There are 2 protein chains.
Amino acid sequence: MRLSTRGRYGTRALLELALHQGEGPVLLRDIARKQEISLSYLEHLITPLIAAGLVASTRGPKGGVMLAKPAEEIRLNEIIYLLDGPIAPVECVNSKKACARSEKCAPRDIWQELRKAMNDILSSITLKDLASRQIAKEEFEGTMYYI
Amino acid sequence: MRLSTRGRYGTRALLELALHQGEGPVLLRDIARKQEISLSYLEHLITPLIAAGLVASTRGPKGGVMLAKPAEEIRLNEIIYLLDGPIAPVECVNSKKACARSEKCAPRDIWQELRKAMNDILSSITLKDLASRQIAKEEFEGTMYYI
DNA sequence: GTATTGTTGACCAACATAGTCTACAATAAT
DNA sequence: ATTATTGTAGACTATGTTGGTCAACAATAC
């Protein structure tokens with residue numbers, strides 16, 4: 001029951017963009033460095049996000065990537081879906097056809113509850129929320145030194 | 001974000017045992033047939049469940065496997081844990097040491113919420129509950145023919 | 001003792017994951 | 001125009017996980 005690195009790294013990359021929203025293009029290289037993701041791998045992760053219209057890119061000197069829409073309009077479930085596919089513990093919760101026993105399978109009902117719970121959480125959080133949380137964490141870290 | 005076949009098949013196998021609780025040993029072969037799992041694979045799945053004391057087995061003719069304790073005392077999170085490992089979307093939610101950035105990582109908080117939600121659901125459901133649901137489903141299916 | 005059952009461990013094919021590397025395309029600055 | 005700088009695309013690969021198979025073995029009811 002694990003989330004792949006794609007979804008996690010992608011979320012972190014977008015968080016980085018959200019933290020620098022309004023500051024113009026951010027270099028992939030800088031995202032890679034700050035979020036500790038290999039640049040080559042990040043390039044692959046960013047592609048579907050660009051294709052989906054979450055991220056805008058400009059090439060050449062002074063280029064880079066930036067959020068293509070406000071951080072409050074991007075929800076985590078969207079990011080995970082784009083990078084990891086359907087947020088579902090098993091295929092059969094998406095299509096009944098995936099398994100002949102779907103109709104009379106009690107376990108399947110449980111897997112569906114799991115999916116709903118996960119989706120509810122992920123769709124309730126926007127990149128803006130995530131960025132706010134991150135900022136709060138860092139500020140709190142800072143105050144720690146004064147205790 | 002998927003549940004492996006191990007956890008799912010294992011759950012189904014135990015459901016089958018719960019449905020036949022008190023009827024003596026059930027053949028692995030019969031479980032395999034009814035739940036559509038290959039026998040050889042089921043053998044591997046049942047082993048950790050026996051080791052953990054959820055299932056009791058007897059060899060030889062008239063042998064088979066049965067629940068080692070009442071179905072109300074077996075929770076789904078236990079089954080999934082035994083077969084799939086920790087119910088966690090990422091390792092870092094279990095041990096902070098897994099990642100140096102854990103302390104100041106907002107995404108990690110989200111993954112922890114996910115884990116909690118999943119665990120809450122799975123630990124709230126016992127094998128007994130699952131069996132009751134299954135019976136209800138089959139009875140309902142049965143009535144359908146009279147419409 | 002023999003047929004029947006579970007137990008164990010070696011093995012394996014296919015796929016997913018998590019990348020690397022190279023060549024290429026666009027563009028800003030000169 | 002040239003060049004340096006950026007993202008884009010695709011081929012390639014190493015490793016691990018998944019979902020098994022198969023054969024030998026151990027226990028036990030009859």
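Letters go in sequence order (proteins before strands), and every chain restarts at 1. Please read all numbers here as calculations on a predicted model, not as lab measurements.
Atom P of nucleotide C/dT7 and atom CG of B/Leu49 are separated by 11 Å, given to the nearest angstrom. Rounding to whole angstrom units, CG of residue A/Leu45 and P of C/dA18 are separated by 10 Å. Taking atom OH of B/Tyr9 as the reference point, atom C1' of D/dG19 lies 8 Å away to the nearest angstrom. C/dG19 atom C1' lies 13 Å from atom CD1 of A/Ile37, rounded to whole Å. Distance, B/Leu27 CG to D/dT28 C1': 14 Å, rounded to whole Å. Note: CG (B/Leu17) to C1' (C/dG6) measures 14 Å, nearest angstrom. In this structure, the CD1 atom of A/Ile50 is 14 Å from the C1' atom of C/dA25, given to the nearest Å. Atoms CG (B/Leu42) and P (C/dT8) sit 14 Å apart, rounded to a whole Å.
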*Run the numbers on A/Lys137 and B/Arg108 for side-chain contact (heavy atoms from CB on, under 4.5 Å), then give the verdict.*
CA-CA 12 Å; A/Lys137 266 184 175 293; B/Arg108 179 173 180 263; over 6 Å; no

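Between atom NZ of residue A/Lys104 and atom CD of residue B/Glu138 there is a gap of 6.5 Å, rounded to the nearest 0.5 Å. One distance of note links CD1 of A/Ile125 with OG of A/Ser132; it measures 11.5 Å at 0.5 Å rounding. The CD1 atom of A/Ile121 sits 11.5 Å away from atom CD of B/Gln112, with the distance rounded to the nearest 0.5 Å.
Among residues at least two apart or in separate chains, salt bridge (charged side-chain N to carboxylate O under 4.0 Å, His left out) pairs with a member in residues 122-133 of chain A are A/Arg133-B/Glu113.
Panel note: side chain B/Gln134, backbone A/Ala106; a donor-acceptor pair is recorded below 3.5 Å. Counting only distance, with no hydrogens or angles, the side chain of B/Arg8 and the backbone of A/Val90 share no donor-acceptor pair below 3.5 Å.
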Show every donor-acceptor pair shorter than 3.5 Å between a side-chain atom in residues 58-82 of chain A and any protein atom, with sequence neighbours excluded, or say none if there are none.
unit_1	atom_1	unit_2	atom_2	d
A/Arg75	NH1	A/Ser123	O	2.7

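Closest contact between the side chain of B/Ser38 and the listed nucleotides D/dT5, C/dA29, D/dT21 involves D/dT21. With distances taken from any side-chain atom of B/Pro61 to the nucleotides C/dT4, C/dG6, D/dT8, the minimum falls on C/dT4.
Across every non-hydrogen atom of A/Leu28 and A/Glu43, the tightest pair is CD1-CG, 4.0 Å. Summarising the geometry of B/Ala131 relative to B/Leu15, their closest heavy-atom pair is CA-CD1, 3.6 Å, with the distance given to 0.1 Å.
Of the side-chain N and O atoms in A/Thr58, none sit less than 4.0 angstrom from OP1 or OP2 of D/dG7.
The side chain to side chain contact (heavy atoms under 4.5 Å, CB included) test applied to B/Arg6 returns B/Ser4, B/Tyr41, B/Leu45, B/Pro48, B/Leu83, B/Asp84, not counting sequence neighbours.
Where the helix from C/dG1-D/dC30 to C/dT30-D/dA1 starts and where it ends, the local axes point in directions that differ by 10°; five pairs per end, rounded to 10°.
Each of B/Leu39 and B/Leu27 belongs to its own hydrophobic cluster when Ile, Leu, Val, Met, Phe, Trp and Tyr are linked at side-chain heavy-atom distances under 4.5 angstrom.
Non-hydrogen atoms lying under 4.0 Å from DNA chain D are contributed by A/Leu28, A/Arg29, all within residues 28-36 of chain A.
When heavy atoms are screened at a 4.0 angstrom cut-off, B/Val55 is found touching no nucleic acid atom at all.
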Pairs under 3.5 angstrom, nitrogen or oxygen only, protein versus nucleotides 9-18 of chain D, please.
unit_1	atom_1	unit_2	atom_2	d
D/dG10	O6	A/His44	NE2	3.4

